[in-house]
Amino acid sequence: MKFSRKFLWPLVPFYYLGSLTIKKLYDWGIYKSQSYDFPVICVGNLSVGGTGKSPFVSYLIDLLQKDRQLATLSRGYKRSTTGFHLATTTSTALEIGDEPLQFKVTHPKTIVAVDANRKNGIRQLRTQKPLPKIIILDDAFQHRKVRAGLQILLTAYYNRYTNDCMLPAGDLREPISAAARASIIIVTKCPLDLSNSAQQKIKKQLQPLAHQKVYFTGIAYAEDIYASHAKAKLTDFLKETFCLVTGIAEPAPLVTHLKNLEAEFRHLNYPDHHVFSKKELEKISTYQRILTTQKDFMRLQHVPALKNKLFYLPITIQFLNTEEDFKQQVYDFIKN
C-alpha cells in the first residue's frame, strides 16, 4: 500500500470486487476471449507501470526479428489519434505514443501499430503486407478480450506485486491471483549482482505455479549517449554539470546509476508519459546540456529550443542467469 494513499484503503474492496466480477465472467464463458492460431505474445504487468515493459518488448523484437516478420500492438497512451493507426519512421509521439514510436525508430523493419481495441488491432495487422508471423502485445495482460498464447508478466524487483495492493491505495489493476494467467514471470530491474539465494527467496515469495517459470533481469546502461544525429561517450558528457529530464514511472535506477558515476546534475522529474507544457519546455531549454531517457527523447526531440543539446541514454535488458532457458521457452512456443 502507498502510504500517501492510505486513506483510500476503504475503496480497495470495491475495485477488487469489480475486477473479480470481470474475471468470473470470463472464467464462466459469459464474456468471450479470442484465441489465435498464430503466435501472439503478451508482455504486461499487474501494476499501473514502472516494470520496464518497453525495453523488454525491444528485447523480444531483437530476439525474434531475424527470420520472421514481427508486429507490435500497443494502446498508444496519450496519443492524439484514435482507433487503429500504423506507425512510420516519420510518425510523432503525439500521433502514436512515445513507446510505440520508440519501437519503430529502433526497429524500423517491425510493423508497429496502436489500437486500444486489441482484438481489432490484431485483425487489422493480419491484413498488412508483409503478413506479420508473430504479434507482440504491449501492456495487454489485463485485456481479457484477447488470449495470447504466451503471457509474460513483469514485476519490478523494488515493487513486486506480492508487496502491493489494488488501486486506489496501491498500484495493482488486478488482484494478485491474476498472476496465475502468466506462463512466464520476469522480475525486472534487479541489481545485477543479486545473489542466487536472494533470487530463491523472491521465487518463494512469488509462489509460482507448476506451469510458471521465473526469471530475473536487470538494466544495463549504454556507454554512449545519443542525439538525433550524433553520439558521445557518457563518461565525457558527465565531466560537466547537466540537467536530467525524466517522464517515466520510476527514474530511481537511472538516478542511482548516474550518481554512482559521480555525475553532478539537476533532476527535473515529471510523471510517466508526461505531455510537456510550453512553460515546462521553456524551463528545460534554459539548460545547455540535457540528458533524458530514450522514451522521453521521443517526445522532446522535435522541440526546436532543445536542438543540439538533448541526448538520451539507451538501456538494455540483461538476464542475471538462465537466459538461454528463457529463449528456448519462447522458441518452443513459436514452434509449437
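Just so it is clear, the values below take in all heavy atoms, side chains as well, and ignore hydrogens, waters and symmetry mates.
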For L238, the hydrophobic cluster (side chain heavy atoms closer than 4.5 Å, chained through members) also holds I219, Y221, I225, L234, F237, F242, L244, L254, V255, L258, L261, F265, L291, F311, L313, I315

Quick one: do F103 and I136 satisfy side-chain contact (heavy atoms from CB on, under 4.5 Å)? Show the steps, please.
CA-CA 11 Å; F103 299 151; I136 301 173; over 6 Å; no

Under 3.5 Å side-chain donor-acceptor pair for [X] and [Y]:
X: S74; Y: D138; value: yes
X: T162; Y: R160; value: no
X: R266; Y: Y287; value: yes
X: Y215; Y: Q329; value: yes
X: D332; Y: Q328; value: yes

Residue pairs, two or more places apart or on separate chains, that pass salt bridge (charged side-chain N to carboxylate O under 4.0 Å, His left out) and touch residues 296-321:
D98-R299, D296-R299

Cation over ring, R126 on Y36, under 6.0 Å and within 45°?
no

Taking NZ, NE, NH1 and NH2 as the nitrogens, is one of them in R181 or E174 under 4.0 Å from a carboxylate oxygen of the other?
yes

Name the orientation class of the two ring planes belonging to F297 and Y312 (parallel below 30°, tilted from 30 to 60°, perpendicular beyond 60°).
tilted

Minimum heavy-atom separation for [X] to [Y], with atom names?
X: A227; Y: L310; value: CB-O, 3.5 Å
X: A179; Y: Q212; value: O-NE2, 2.8 Å
X: L150; Y: S183; value: CD1-CB, 3.9 Å

Does NZ in K145 sit with more than 12 non-hydrogen atoms of other residues, nucleotides or ligands closer than 6.0 Å?
no

Show, in sequence, the C-alpha distance, side-chain angles and deciding distance for E250 and N159, and conclude whether the side chain to side chain donor-acceptor pair (under 3.5 Å) test is met.
CA-CA 10 Å; E250 184 47 67; N159 189 27; over 6 Å; no

